[in-house]
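Side-chain atoms are counted along with the backbone in the values below, which use heavy atoms only and exclude waters and symmetry mates. Quick caveat, the model's predicted, so the values are computed rather than measured.
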Amino acid sequence: MEKGDFHYRIDNLDKSILMALMDNARVPYAELAKRFEVSPGTIHVRVEKMKQAGIIEGTRVQVNPKKLGYDVCCFIGIILKSARDYPQALAKLAQLEEVVEAYYTTGHYNIFIKVMTRSIDELQRVLINRLQPIDEIQSTETLISLQQPIDRDVTP
């Protein structure tokens with residue numbers, strides 16, 4: 001059975017475990033067991049079931065882009081020449097290391113991407129030298145983010 005092949009309905013204990021792990025993915029199961037007044041084995045079984053259901057996809061290190069010198073965050077709405085150009089355009093966008101997120105959307109834009117660069121000059125080079133040469137792209141609109149006042153995961 002592959003991840004996500006079965007439906008697992010989470011309960012309040014699962015929600016509490018998820019919230020604790022989202023706050024600190026390195027918290028020991030024994031500590032969670034004490035906090036939620038269950039055995040460490042129960043925590044382990046619950047986490048494994050949520051992994052098998054695809055609810056928990058793994059753990060990762062989250063870096064602060066600004067601390068690494070990425071001072072410019074922008075969102076770019078992309079209009080393709082044709083809807084059938086999506087796979088080729090997406091493949092080319094995936095090769096651009098500045099593109100950190102991409103969404104296939106409804107509405108005015110076919111694709112919406114998040115781009116991180118170290119400076120406005122670098123953003124300009126990305127737009128002119130890397131994005132505009134993509135044949136499948138008809139036009140773009142760039143929105144520069146001034147701040148990110150809300151940044152959170154969904155609540156289980």
Quiz item: Got a sec, which pairs hit ring-ring contact (aromatic ring centres under 6.0 Å, His included) with one end in residues 76-98, sequence neighbours left out?
Solution: Y86-Y104

Exercise. Using the test salt bridge (charged side-chain N to carboxylate O under 4.0 Å, His left out), find all partners of D85 that sit at least two apart in sequence or belong to another chain.
Key: none

Quiz prompt | V99 with M116, same ILVMFWY side-chain cluster at under 4.5 Å | solution = no

Side-chain donor-acceptor contacts of residues 11-20 below 3.5 Å, not counting sequence neighbours, with atom names and distances?
from	atom 1	to	atom 2	distance (Å)
D11	OD1	L13	N	3.1
D11	OD1	D14	N	2.9
D11	OD1	R46	NH1	2.8
D11	OD2	R46	NH1	3.0
D11	OD2	R46	NH2	3.3
D14	OD1	Y8	OH	3.3
D14	OD1	R46	NH1	3.0
D14	OD2	Y8	OH	3.0
D14	OD2	D11	N	3.1
D14	OD2	R46	NH1	3.4
S16	OG	N12	O	3.1

Quiz prompt | Heavy-atom closest contact (I137 atom, L131 atom, distance) | solution = CD1-O, 3.8 Å

Quiz item: Got a sec, which pairs hit salt bridge (Lys or Arg N to Asp or Glu O under 4.0 Å) with one end in residues 137-155, sequence neighbours left out?
Solution: none

Exercise. Only counting residues at least two apart or in another chain, list the ones meeting side chain to side chain donor-acceptor pair (under 3.5 Å) with S82.
Key: R84

Exercise. Not counting sequence neighbours, list each pair that qualifies as a salt bridge (Lys or Arg N to Asp or Glu O under 4.0 Å) and has a residue in residues 115-130.
Key: E98-R130

Quiz prompt | Residues, nucleotides or ligands: over 12 heavy atoms within 6.0 Å of Q124 CD | solution = no

Quiz item: For T42, which residues count as a side chain to side chain donor-acceptor pair (under 3.5 Å) partner, sequence neighbours excluded?
Solution: S39

Contacts table for residues 26-35: side-chain donor-acceptor under 3.5 angstrom, sequence neighbours left out:
from	atom 1	to	atom 2	distance (Å)
E31	OE2	R35	NH2	3.3

Quiz item: Is it the case that more than 12 heavy atoms not belonging to L68 sit under 6.0 Å from its CG atom?
Solution: yes

Self-check item: From NE2 (H108) to CD1 (I79), nearest 0.5 Å
Solution: 3.5 Å

Quiz prompt | Residue pairs, two or more places apart or on separate chains, that pass ring-ring contact (aromatic ring centres under 6.0 Å, His included) and touch residues 119-156 | solution = none

Name the atoms and distances for all side-chain donor-acceptor pairs under 3.5 Å in residues 58-65, with sequence neighbours left out.
from	atom 1	to	atom 2	distance (Å)
N64	OD1	K66	N	3.0
N64	OD1	K67	N	3.4

Practice problem: Write down the atom of N129, the atom of P133, and the distance for their closest heavy-atom approach. | Solution: O-CG, 3.3 Å

Quiz item: For K114, which residues count as a salt bridge (charged side-chain N to carboxylate O under 4.0 Å, His left out) partner, sequence neighbours excluded?
Solution: E101

Quiz item: By the rule that ILVMFWY residues connect when side-chain heavy atoms come within less than 4.5 angstrom, directly or transitively, which residues belong alongside V45?
Solution: none

